[in-house]
2 protein chains.
Amino acid sequence: MTRIEEAIKQSKFQDVYQKALVNLIYTANCLRDEQVRILKPFDLLPQHFNVMRILRGRHPKPVCPGEIKEVMLDKANDLTRLLDKLERKGLIQRNLCPTNRRKMDITLTQAGIELLEKMNHMMEQTHETLKGRLSEREAASLSHLLDKLRG
Amino acid sequence: MTRIEEAIKQSKFQDVYQKALVNLIYTANCLRDEQVRILKPFDLLPQHFNVMRILRGRHPKPVCPGEIKEVMLDKANDLTRLLDKLERKGLIQRNLCPTNRRKMDITLTQAGIELLEKMNHMMEQTHETLKGRLSEREAASLSHLLDKLRG
DNA sequence: AATATTTATTTGTTGTAACAAAATTCGAAA
DNA sequence: TTTCGAATTTTGTTACAACAAATAAATATT
């Protein structure tokens, strides 16, 4: 499955914009499916992984759900139960913020950090494959086009 | 929100590949959210819309669920209930395939065709905005890079 | 022809997403 | 300080997604 036409068995598109949009959605779905596959043994979803990476980015400083939601790739309007799961699995800790009791202080536990390492390691392989497919210039160009598309 | 760094408030990425991947997921989420917003008044989701477009592509020839699933942008492993909903809303018709009674013949109803027209029309606006942001060359280039990325 | 295998769809179950509304706490204004 | 409004998270509810298993019909095998 290389070109989008073969992938979704459609030989002609309305125009080149339509084609790019369809291709973008399709490609993102492929990447997501691959990530789901990698995370499955850990019983986590991309959303959980994304939250853990956000937490690691500020570790050991705690982050509150509101701040997490702000920077999530896919804003969860259901963050509470997403965090519930991570807490049940012992990957994060929830503490009342001492300065503002409306907020919760969320931090990765040691177990969370270690699991994240493992997951990152497994993602590395996909990452390496990608490097073989696009040059640095092309990756940068792709990013730039996506920025333009969002306006 | 233009550049991905501002969008998710992260100033540095591991490398340009990581950045492109994150940007791709984020951008696809934006497009999906926009589509969800447009479809909301019709009480349909992108998956439903995708199925209807597939049906229209072959109309008036019937298509069976297996063929639909094959070309969906996001393969639904739950196509039955997805079709249930479209049928409840009178947008599609389900008939036993006369030559193979394992299969179902799915076709758009007249109401389905008309609703699809309306939805397409509403999507046109987004489509026009896009044309202002990317040249035809850029759109083609984006599509090409996505093809390469998938390998 | 009878049985097994494969194909195609449906059903059951569980977890997650979307949305609205509730609950709690903070900060500001009267 | 009491009240009001805003900020923050949680809860309730419904619909959707993922996965496995079940059903049913066609095809192949013996």
Side-chain angles (χ1 to χ4, degrees), chain A residues 25 28-30 32-52 55 62-89 92-107, chain B residues 25 28-30 32-52 55 62-89 92-107:
Chain A
I25 301 287
N29 285 342
C30 290
R32 179 209 53 189
D33 290 346
E34 170 69 1
Q35 207 184 29
V36 165
R37 195 185 61 71
I38 292 174
L39 294 176
K40 175 142 310 248
F42 304 102
D43 183 36
L44 293 176
L45 290 171
Q47 288 283 69
H48 301 118
F49 179 67
N50 188 213
V51 167
M52 288 180 72
L55 291 173
V63 188
C64 71
E67 292 171 300
I68 294 175
K69 187 187 281 195
E70 246 182 79
V71 298
M72 281 179 82
L73 298 179
D74 188 357
K75 317 300 179 217
N77 52 6
D78 193 24
L79 194 46
T80 300
R81 280 168 283 212
L82 213 157
L83 295 172
D84 284 347
K85 171 150 185 179
L86 293 176
E87 194 180 24
R88 273 201 307 280
K89 294 175 84 69
I92 64 167
Q93 242 188 325
R94 254 203 271 231
N95 295 106
L96 253 180
C97 173
T99 63
N100 185 342
R101 284 179 306 168
R102 280 173 304 187
K103 293 188 180 182
M104 295 298 286
D105 273 352
I106 316 287
T107 45
Chain B
I25 301 287
N29 285 342
C30 290
R32 179 209 54 191
D33 291 346
E34 170 69 3
Q35 207 185 26
V36 165
R37 193 185 61 71
I38 292 174
L39 294 175
K40 177 144 309 253
F42 304 101
D43 183 35
L44 292 176
L45 290 172
Q47 288 283 71
H48 301 118
F49 179 67
N50 187 213
V51 167
M52 289 179 72
L55 290 173
V63 189
C64 71
E67 292 172 301
I68 295 174
K69 187 187 281 195
E70 247 182 76
V71 298
M72 283 179 79
L73 297 179
D74 190 355
K75 316 301 179 219
N77 50 9
D78 192 20
L79 194 45
T80 300
R81 281 168 282 214
L82 214 157
L83 295 171
D84 284 347
K85 171 151 187 180
L86 293 176
E87 194 180 25
R88 274 201 307 278
K89 294 176 84 72
I92 64 167
Q93 240 187 327
R94 253 203 271 230
N95 295 104
L96 254 181
C97 172
T99 63
N100 184 341
R101 285 180 303 169
R102 282 173 304 186
K103 293 188 179 181
M104 296 298 285
D105 273 352
I106 315 287
T107 46

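Naming convention: chains lettered A, B, ... in sequence-line order (proteins, then strands); numbering from 1 in each chain.
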Picking from C:dA18, C:dG15, C:dA17, which would you name as closest to the side chain of B:Lys40? C:dA18
With sugar-phosphate meaning primed atoms plus P, OP1 and OP2, does A:Leu79 contact a base, only sugar-phosphate, or nothing at under 4.0 Å between heavy atoms? nothing
Please report the distance, rounded to the nearest Å, between NZ in B:Lys103 and C1' in D:dT23. 18 Å
Output the single nucleotide from C:dA17, D:dC16, D:dA18 whose closest atom is nearest the side chain of B:Arg81. D:dA18
A:Lys85 NZ - D:dT11 C1' separation (whole Å): 19 Å
Can you figure out which of D:dA17, C:dT11, C:dT10 approaches the side chain of B:Met104 most closely? C:dT10
I want to check something: taking the side chain as every heavy atom from C-beta on, are A:Asp105 and A:Arg94 in contact at a cut-off of under 4.5 Å? no
How do B:Asp43 and A:Pro65 order along DNA chain D: which one's closest nucleotide is nearer the 5' end? A:Pro65
In whole Å, what is the span from the CD atom of A:Gln35 to the P atom of D:dA17? 19 Å
Whole angstrom is fine here: how far is it from CG in B:Leu96 over to P in D:dT23? 18 Å
Name the residue from B:Val51, B:Leu45, B:Asp43, B:Ile92 that meets the side-chain contact (heavy atoms from CB on, under 4.5 Å) definition with B:Lys85. B:Asp43
Whole angstrom is fine here: how far is it from CG in A:Leu39 over to C1' in D:dC19? 17 Å
Residue whose nearest DNA chain D nucleotide is more 5′ - A:Asp84 or B:Asp74: A:Asp84
Between B:Asp78 and A:Thr99, just flag the one whose closest nucleotide in DNA chain C comes earlier from the 5' side. B:Asp78
pair B:Leu83-B:Pro65: side-chain heavy atoms closer than 4.5 Å: yes
Is it the case that D:dT9 (base atoms only) and A:Arg102 (side chain only) share a donor and an acceptor within less than 3.5 Å, ignoring hydrogens and angles? no
With a 4.5 Å cut-off on side-chain heavy atoms, are A:Lys75 and B:Asp33 touching? no
Specify the separation, in whole Å, of atom CG of A:Asn100 and atom P of C:dA23. 20 Å
Give the rounded distance in Å between these two atoms: CG of B:Asn77 and C1' of D:dA18. 5 Å
Round to the nearest Å and state the distance from A:Gln47 atom CD to D:dA17 atom P. 15 Å
Nearest to the side chain of B:Arg101, which nucleotide is it out of D:dT10, D:dA26, D:dA18? D:dA26
Specify the residue among B:Gly66 and A:Pro98 whose closest nucleotide of DNA chain C lies further upstream toward the 5′ end. B:Gly66
Does a side-chain N or O from A:Arg94 land closer than 4.0 Å to OP1 or OP2 of D:dT10, or not? yes
Would a 4.5 Å heavy-atom cut-off, applied to side chains only, mark A:Leu44 and A:Lys89 as touching? yes
